[in-house]
There are 2 protein chains.
Amino acid sequence: MKKTRLGEFQELILMTVIVLKEKAYGNEIQRELEERLNERLSVGAIQTALKRMEEKGFLTSKWGEATQKRGGKRKRIYSATPYAHQVLQEMKDIRARLWEAMPQLHTNNLQ
Amino acid sequence: MKKTRLGEFQELILMTVIVLKEKAYGNEIQRELEERLNERLSVGAIQTALKRMEEKGFLTSKWGEATQKRGGKRKRIYSATPYAHQVLQEMKDIRARLWEAMPQLHTNNLQ
DNA sequence: TTGTATATATACATTATTGTAAGAAATAAG
DNA sequence: CTTATTTCTTACAATAATGTATATATACAA
């Protein structure tokens with residue numbers, strides 16, 4: 001477990017970025033993830049996580065346009081790098097194999 | 001993300017404990033996980049993780065018998081608590097829904 | 001031209017997770 | 001009864017992940 005992978009929170013943010021595609025910017029990620037986790041998250045925590053993941057090569061970003069509704073600062077749109085996709089897939093596979101190997105009662109619902 | 005859940009490593013150990021059932025003790029967990037991750041792990045890291053997870057209510061433990069082969073200290077056999085199962089399942093479900101929501105190219109292989 | 005909504009940026013702080021190393025306990029073999 | 005082997009224990013250390021608070025930027029609207 002040497003080479004840093006993704007923390008739990010970071011992994012969730014990363015997946016959310018992929019889900020949101022062109023809409024993947026701070027506040028929208030917050031809303032989406034809060035709904036999925038059914039739990040409040042701070043914008044700050046998400047913004048800093050995004051920056052750090054960019055530094056670590058999991059995300060890239062570009063400027064988007066300002067909100068049409070009312071005004072506001074331009075959005076920074078994030079997207080996952082190939083490396084991030086690879087790491088996500090690896091984590092998924094390892095967990096999937098473990099689930100398969102677990103004695104029943106866990107192989108129920110979803111996927 | 002307040003109430004502490006599981007770190008990535010801890011989650012993997014927890015799943016391995018469930019997979020190994022009555023064989024879930026330090027060294028065996030190490031072997032199993034090293035094989036699955038294709039990566040060396042230190043026994044110490046695993047032993048301390050097990051202790052901590054027990055303190056946090058994810059695991060319980062009991063004494064097993066000594067190795068038949070050659071001798072050695074008695075094994076401490078771990079097993080997952082209902083709470084641990086619940087947390088694992090929740091994490092699985094949240095990730096599964098995210099995978100479902102992701103644009104293709106990721107919905108391939110396994111599960 | 002001021003207010004307000006929408007966003008990002010960043011410095012700082014805290015907490016959690018993971019890792020190391022040395023040693024102690026238990027047991028079977030010789 | 002001494003040794004080799006297996007395993008756990010513990011104290012300590014390092015690093016990584018997460019959170020907070022405040023400031024700054026932008027744009028529309030009145």
Side-chain angles (χ1 to χ4, degrees), chain A residues 1-14 17 20 23-34 37 39-59 61-78 87 91, chain B residues 1-14 16-17 20 23-34 37 39-59 61-78 87:
Chain A
M1 305 284 295
K2 278 298 169 51
K3 47 183 175 177
T4 298
R5 308 194 206 223
L6 286 165
E8 187 204 345
F9 188 45
Q10 293 183 351
E11 184 182 0
L12 292 171
I13 288 183
L14 178 51
V17 163
L20 290 175
K23 284 180 293 181
Y25 69 98
N27 290 16
E28 186 67 22
I29 293 169
Q30 181 191 19
R31 286 185 209 102
E32 177 76 21
L33 209 42
E34 280 185 341
L37 299 181
E39 183 181 329
R40 292 288 303 179
L41 303 174
S42 78
V43 203
I46 289 177
Q47 290 286 2
T48 50
L50 288 168
K51 280 287 166 205
R52 287 157 190 160
M53 292 171 77
E54 185 164 21
E55 281 163 16
K56 291 199 284 180
F58 292 109
L59 295 175
S61 69
K62 64 178 185 193
W63 286 110
E65 10 61 55
T67 297
Q68 244 52 25
K69 313 177 202 166
R70 182 68 183 75
K73 196 172 182 174
R74 276 182 303 165
K75 298 165 183 171
R76 181 165 282 281
I77 307 293
Y78 287 88
V87 171
M91 291 173 84
Chain B
M1 305 286 294
K2 278 297 169 51
K3 49 184 173 176
T4 299
R5 309 196 205 221
L6 286 165
E8 188 203 346
F9 189 44
Q10 293 183 350
E11 184 182 1
L12 291 171
I13 288 183
L14 178 51
T16 305
V17 163
L20 290 175
K23 285 181 293 183
Y25 69 98
N27 290 15
E28 186 68 22
I29 293 169
Q30 180 191 20
R31 288 185 208 101
E32 177 77 22
L33 209 42
E34 280 185 341
L37 298 181
E39 184 180 326
R40 292 289 303 179
L41 303 173
S42 79
V43 203
I46 289 177
Q47 290 286 5
T48 50
L50 288 169
K51 281 286 167 206
R52 287 159 189 159
M53 291 171 78
E54 185 164 21
E55 282 164 15
K56 290 200 282 178
F58 292 109
L59 295 175
S61 69
K62 65 180 186 194
W63 285 111
E65 9 63 57
T67 298
Q68 245 49 26
K69 312 176 201 167
R70 180 66 181 78
K73 196 172 183 177
R74 277 183 302 164
K75 299 166 182 170
R76 182 165 280 282
I77 307 293
Y78 287 89
V87 171

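Residue numbering restarts at 1 for every chain, and letters A, B, ... go by the order of the sequence lines. Computed over heavy atoms, backbone and side chain alike; hydrogens, waters and symmetry mates excluded.
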Provide, to the nearest angstrom, the distance between the CD atom belonging to A:Glu28 and the C1' atom belonging to C:dT8.
16 Å
To the nearest Å, how far apart are B:Lys62 NZ and D:dT7 P?
17 Å
B:Tyr78 side chain reached by B:Leu20 side chain, heavy atoms, under 4.5 Å
no
Any side-chain N or O of A:Asn27 less than 4.0 Å from the OP1 or OP2 oxygen of C:dA7?
yes
B:Ser42 vs C:dT20: side-chain N/O to OP1/OP2 distance below 4.0 Å
yes
Indicate yes or no: at least one non-hydrogen side-chain atom of A:Ile13 is less than 4.5 angstrom from one of A:Gln10.
no
Regarding the side chain of A:Tyr25, the nearest nucleotide among C:dA9, C:dA7, D:dC8 is C:dA7
Given atom CZ of B:Phe9 and atom P of D:dA14, what is their separation to the nearest angstrom?
19 Å
In whole angstrom, what separates A:Lys73's NZ from D:dA23's P?
15 Å
Could you walk me through whether B:Glu54 and B:Ser61 satisfy the side chain to side chain donor-acceptor pair (under 3.5 Å) test, starting with their C-alpha distance in whole Å, then the side-chain angles of each, then the deciding distance to 0.1 Å, before giving a yes or no?
CA-CA 8 Å; B:Glu54 185 164 21; B:Ser61 69; 2.9 Å; yes
Please determine, for the side chain of A:Ala45, which listed nucleotide (C:dA7, C:dT18, D:dG19) has the closest atom?
D:dG19
Rounded interatomic separation in angstrom, taking CG from A:Leu6 and C1' from C:dT18:
16 Å
Once you round it to whole Å, what is the distance between P of D:dA25 and CZ of A:Arg76?
14 Å
Whole angstrom is fine here: how far is it from CZ in A:Arg74 over to C1' in C:dA5?
17 Å
Positive for side chain to side chain contact (heavy atoms under 4.5 Å, CB included) with B:Ile29, one of B:Leu12, B:Leu41, B:Thr16:
B:Thr16
If you look at every strand shown and take non-hydrogen atoms under 4.0 Å, does A:Gly44 touch a base, only sugar-phosphate, or nothing?
base
Side chain to side chain, A:Met91 and A:Glu11, heavy atoms closer than 4.5 Å:
yes
Check this one for me: any side-chain N or O of A:Lys56 less than 4.0 Å away from OP1 or OP2 of D:dA17?
yes
Between P of C:dA16 and CD of B:Glu11, the distance in whole Å
18 Å
What parts of residues 47-55 of chain A reach DNA chain C, counting only heavy atoms under 4.0 Å away?
A:Gln47, A:Thr48, A:Lys51, A:Arg52
Taking the basic N atoms (NZ, or NE/NH1/NH2) and the acidic carboxylate oxygens, is any pair closer than 4.0 Å for B:Arg31 and B:Glu28?
yes
